[in-house]
Amino acid sequence: MRISRNLRMCSFNVNGRPPNGDIEEWILGKRVHRKSTAKSLEPLDDDLDTGSQLHSSADPESPVTACEAEDSATLNGSEDPYPDMIIVSFQEMDLSTEGLLYATAASASKGDAWISAISEALSFSEGGSYLKIASKQLVGLFMCIFVKEQFASGCRIDDITTCAAGTGILGVMANKGAVAISLVFPGTSTRLSFINSHLAAFDEMLDKRNSDFHDLSRRLRFVDKGGSERFVFESHVLFWMGDLNYRIELPQEDVRELMSDKSEHRIESFRTLWRFDQLKSSQEKGLAFKGFKEAPLEFLPTYRFASGYGSDDLGYDLKRRPAWTDRILYLPSPMTPVTQISYESHPEITMSDHKPISAEFLITTHKIHDKKQEYVLEDILSKIRDTQIPEVRQAHDDRRPIPRLRLSPSTIELGDIRYQEPQEAVLTLENIGETACAWRWIPKSMDGAIVPAWLSVAPTFGLIPPQASCTVHLVVQVDYLNAQAFNEGVSTIDDTLVLHVVGGQDHFLQVCGNYQASCFGNSLNWLVRLPCSAREFSKNRDRWELLPENGALSCPRELGRLLEWLMSNAVTFDDLFLQPGDPQVVKRIRENLDTGDEFDFIPAVDKQTLAFAFGETLIQLLESLSEPLIPWALHGDCANATSRDMAFAIIHEMTSYSASSLVTITAFLHFLSLQPSKRKTDRVNDLVLKFAPILLRDPPADSPELLASSLSPLQKRRFVEYFFVT
Amino acid sequence: MSRQFQFKLVLLGESAVGKSSLVLRFVKDQFEDYRESTIGAAFLTQTVTLEDQTTVKFEIWDTAGQERYKSLAPMYYRNANCAVVVYDITQSASLEKARNWIRELQRQADPSIVIALCGNKSDLSARRQVTQEEAQKYAEEEGLMWGETSAKTGEGVSEIFLSIAKKLPLTVPSAAAPRGGASARPAGQKGVDLNRSTTQSQDGCNC
Ligand SMILES: Nc1nc2c(ncn2[C@@H]2O[C@H](COP(=O)(O)OP(=O)(O)OP(=O)(O)O)[C@@H](O)[C@H]2O)c(=O)[nH]1
Ligand SMILES: [Mg+2]
């Protein structure tokens with residue numbers, strides 16, 4: 001039988017404050033009508049100090065009995081509008097310094113005070129009364145769960161498990177971290193887990209927040225009575241709430257302006273803000289909270305509030321960018337449909353620098369009849385989890401055989417690896433266990449990639465039936481984006497990949513190769529200070545030293561070699577630089593440049609092919625520089641140069657080797673343009689067209705501050721043309 | 001009001017006579033015993049101030065002396081205001097090369113170009129193969145400036161660049177004689193007047 005249950009999540013960073021004022025709307029929702037009489041409830045477990053209840057409007061003289069509550073529930077039937085289960089999360093409940101290290105008596109009593117306040121708020125319910133069935137505290141993090149009394153009897157204590165993990169200072173202290181509670185909703189087979197976390201603070205700590213998420217995903221484990229471990233993701237529905245501390249990546253003024261929109265487009269303004277929310281973008285980029293759902297944010301940011309002079313018209317702290325630090329997300333599974341009913345903040349509560357938030361959900365589940373059905377459901381569930389949810393690892397349990405994989409070869413040795421020459425290796429994964437084996441590559445560190453930049457693997461995950469096998473292709477390629485560190489000997493082609501077997505043991509695969517240093521993919525500064533060829537330099541590091549800045553070459557030796565060859569062999573070819581070069585010949589020339597050996601060629605190659613290959617090599621060498629010959633910092637000025645003299649004034653700003661390399665190349669191009677040609681088009685124009693985007697290459701897309709001054713294609717051409725009129 | 005001029009100066013001469021060393025001495029007052037031969041051309045700048053507070057900024061093109069770069073030289077001496085042609089006093093063949101450069105400049109370069117002949121490595125006079133008299137006589141015949149230098153000790157280096165600086169504005173035809181910041185470029189060429197923006201408004205009232 002399908003039934004639905006209403007769950008209400010409440011979260012609040014209380015900034016160390018004790019309960020104060022009315023919180024019933026936050027706890028029970030807007031449905032609450034203030035009553036003249038209220039009741040206080042005896043909690044289910046007795047660690048609660050009912051004596052420390054705070055003053056409220058409750059009238060202790062007229063307690064409502066559990067019987068009355070039953071009646072009203074019966075009266076309303078399933079129509080009872082009050083939540084079936086209420087999960088309340090607090091952060092910063094205790095801010096004392098000793099709280100960073102261990103739970104204190106004071107922090108425990110603060111928890112009690114809040115439970116009393118919640119119990120009081122719950123007494124406003126016109127539906128059934130509530131009982132506390134679970135709580136968990138880790139210093140300032142506190143979570144407690146209340147259910148309608150009618151369900152409490154169906155709660156099996158064995159089904160409720162809790163855990164906690166700190167991610168604060170040194171990664172373990174409890175000023176940041178999470179508490180979690182997992183339970184099977186009474187009378188159903190639906191396993192629900194709730195996480196209350198406080199992630200790393202500050203605008204710039206985005207990466208830390210994301211890694212906190214992964215860290216907690218891994219470390220939070222529920223241990224049941226039998227000692228078997230369950231990861232938080234092994235739930236039908238996982239709710240994750242708390243002060244996640246994500247910020248809005250927009251300037252202060254923009255945030256405040258969008259927030260103060262009171263027009264009918266208000267929702268649009270919220271959408272705009274939400275687009276720049278770090279949590280949303282982290283999700284979109286797959287950096288954290290992958291697969292989690294969150295209702296649109298249609299309430300004002302919940303942080304940070306101040307009072308008096310320090311605050312703006314809306315009460316926000318003038319010194320901080322307002323942000324949606326407080327959030328409630330959930331991760332559904334195909335078997336348990338979830339509908340979100342509300343997601344709001346409670347600005348009327350002013351005791352903290354945060355606002356409390358709440359969200360309500362309807363989950364659809366099945367009433368269970370016997371234990372067997374529950375078992376089947378659990379089994380199906382864990383199968384889905386194992387293959388679909390990346391963070392899942394199943395607890396080793398004796399019901400299932402352990403999946404086992406064999407990797408061959410056990411290490412990947414790729415031999416010599418040269419610049420821009422991809423090397424492929426094949427890895428075979430063989431399922432030698434008795435059960436299907438799900439595997440995937442996982443990063444070695446929490447925030448890392450699964451493979452280094454110079455390596456690609458495909459596929460990245462898979463499922464192998466017993467006795468079957470699959471092949472994985474690994475390709476090593478060093479190109480201009482990553483060559484520099486290898487050429488300079490700062491790093492080597494050597495890395496260990498982690499192949500994760502779901503429910504089994506991880507495998508470690510070493511991938512290594514022997515990189516052959518190249519003059520391609522370097523900084524100009526390094527090239528002009530090389531005392532010999534790049535290869536020789538890397539082979540005999542102890543014999544050589546980089547030339548001092550003063551004694552640096554005027555232009556990279558390799559560029560000179562190419563120019564010299566072109567000058568004596570290629571100027572008569574009209575299409576030099578304008579026709580592509582044969583890749584095999586280019587490879588050969590590159591190798592000669594790298595080793596410093598004389599140029600040697602495949603005998604069958606004709607002069608023209610050779611000339612074009614040399615031209616191509618020169619272009620590729622320029623393109624491989626870590627920064628273009630005209631450094632990015634000067635591109636803004638280049639855009640403004642309107643004469644040859646202004647152009648040269650910019651050249652004066654360059655390092656002498658950049659300036660010299662530039663005038664050497666442009667002098668050659670100028671010289672080339674003056675040679676007799678049968679081309680119908682203007683040679684200067686053709687060469688400028690080809691070289692302008694190379695000499696003034698745009699900065700990489702991930703450096704917006706540099707991109708701001710990048711030139712239009714026309715501006716580039718105009719600037720480079722000034723070098724043809726020296 | 002000080003006057004500022006900018007000139008393009010090109011260095012020519014056989015490989016290893018010390019062109020780059022002269023520039024390094026002039027620009028950074030340094031010397032190195034071992035220097036890599038220049039590839040293509042090196043580009044540097046240096047400013048000198050004359051007694052009358054006139055400043056002259058040299059845009060220096062230090063060309064490669066190696067034979068294989070010879071065909072690029074016109075790209076560098078085109079439009080040059082002045083050229084320093086260098087020989088090595090310990091190598092008489094290098095003076096022959098210098099003569100060739102001078103002939104080429106006289107034929108191909110701008111007619112108003114100021115040419116200085118420079119005998120470098122004067123510190124090695126014990127191994128001298130080119131006498132001062134021989135070189136000076138040749139320079140006088142061709143109407144060139146002449147001097148001996150040692151990039152190693154620094155002797156004569158700043159003098160040769162200074163005397164070029166002094167000579168340059170004088171070559172401007174009298175009609176276009178430099179007033180508070182007029183062009184110092186040879187006739188027919190657009191010069192760079194670094195004062196232009198500040199002096200234009202005062203032009204005509206301030207001399
Ligand atoms: N003793 C002495 N040696 C000098 C002097 N000037 C240059 N040298 C040396 O002569 C060698 C060549 O000097 P460079 O300045 O590289 O000559 P270059 O004319 O620029 O040569 P290219 O770049 O090949 O055209 C270097 O070893 C210098 O140290 C000098 O005045 N005295
Ligand atoms: Mg040189």
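Naming: A, B, ... by sequence-line order, numbering from 1 per chain. In what follows, every heavy atom counts, from backbone to side chain, and hydrogens, waters and symmetry copies are set aside.
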Contact class of [X] relative to chain B, heavy atoms under 4.5 angstrom:
| X | answer |
| --- | --- |
| A:Leu674 | side chain |
| A:Leu547 | side chain |
| A:Ser568 | neither |

When B:Thr45, B:Leu24, B:Leu44 are compared by non-hydrogen pairs under 4.5 Å with chain A, the top option: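 Of the candidates given, the most pairs with chain A belong to B:Thr45.
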
Residue selection (most heavy-atom pairs with chain A, distance under 4.5 Å) from B:Tyr34, B:Tyr69, B:Phe43: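 Of the options given, most contacts go to B:Phe43.
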
Which portion of B:Arg35 sits near chain A, non-hydrogen atoms under 4.5 angstrom: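 For B:Arg35, the side chain is the part near chain A, not the backbone.
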
Please say whether more than 12 non-hydrogen atoms of neighbouring residues, nucleotides or ligands are located less than 6.0 Å from [atom1] in [X].
| X | atom1 | answer |
| --- | --- | --- |
| A:Glu536 | CD | yes |
| B:Glu141 | CD | yes |
| A:Tyr480 | OH | no |
| A:Arg679 | CZ | yes |

Contact summary for B:Glu32 and A:Gly551, nearest pair of heavy atoms: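 Scanning both residues, the minimum pair turns out to be OE1-CA, 3.4 Å.
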
Minimum-distance pair of heavy atoms, taken over all atoms of B:Ser71 and A:Met567: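 For B:Ser71 versus A:Met567, the nearest heavy atoms are OG-SD, 4.0 Å.
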
What distance separates [X] [atom1] from [Y] [atom2], expressed to the nearest 0.5 Å?
| X | Y | atom1 | atom2 | answer |
| --- | --- | --- | --- | --- |
| A:His652 | B:Gln6 | NE2 | CD | 5.0 Å |
| A:Phe648 | B:Lys8 | CZ | NZ | 6.5 Å |
| A:Arg557 | B:Glu36 | CZ | CD | 5.0 Å |
| A:Trp565 | B:Arg68 | CH2 | CZ | 14.5 Å |
| A:Ser656 | B:Asp62 | OG | CG | 10.5 Å |
| A:Glu564 | B:Gln66 | CD | CD | 6.5 Å |

Side chain A:Ser554, main chain B:Ala41, donor-acceptor under 3.5 Å: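 Not at all, since once roles are kept as given, no pair shorter than 3.5 Å links the two residues.
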
Presence of salt bridge, B:Glu59 and A:Arg644, under 4.0 angstrom: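 Counted as a salt bridge, because a side-chain N and a carboxylate O are separated by less than 4.0 Å.
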
Side chain to side chain contact (heavy atoms under 4.5 Å, CB included) between A:Arg561 and B:Ile39, worked out: CA-CA 9 Å; A:Arg561 287 188 66 190; B:Ile39 296 162; over 6 Å; no

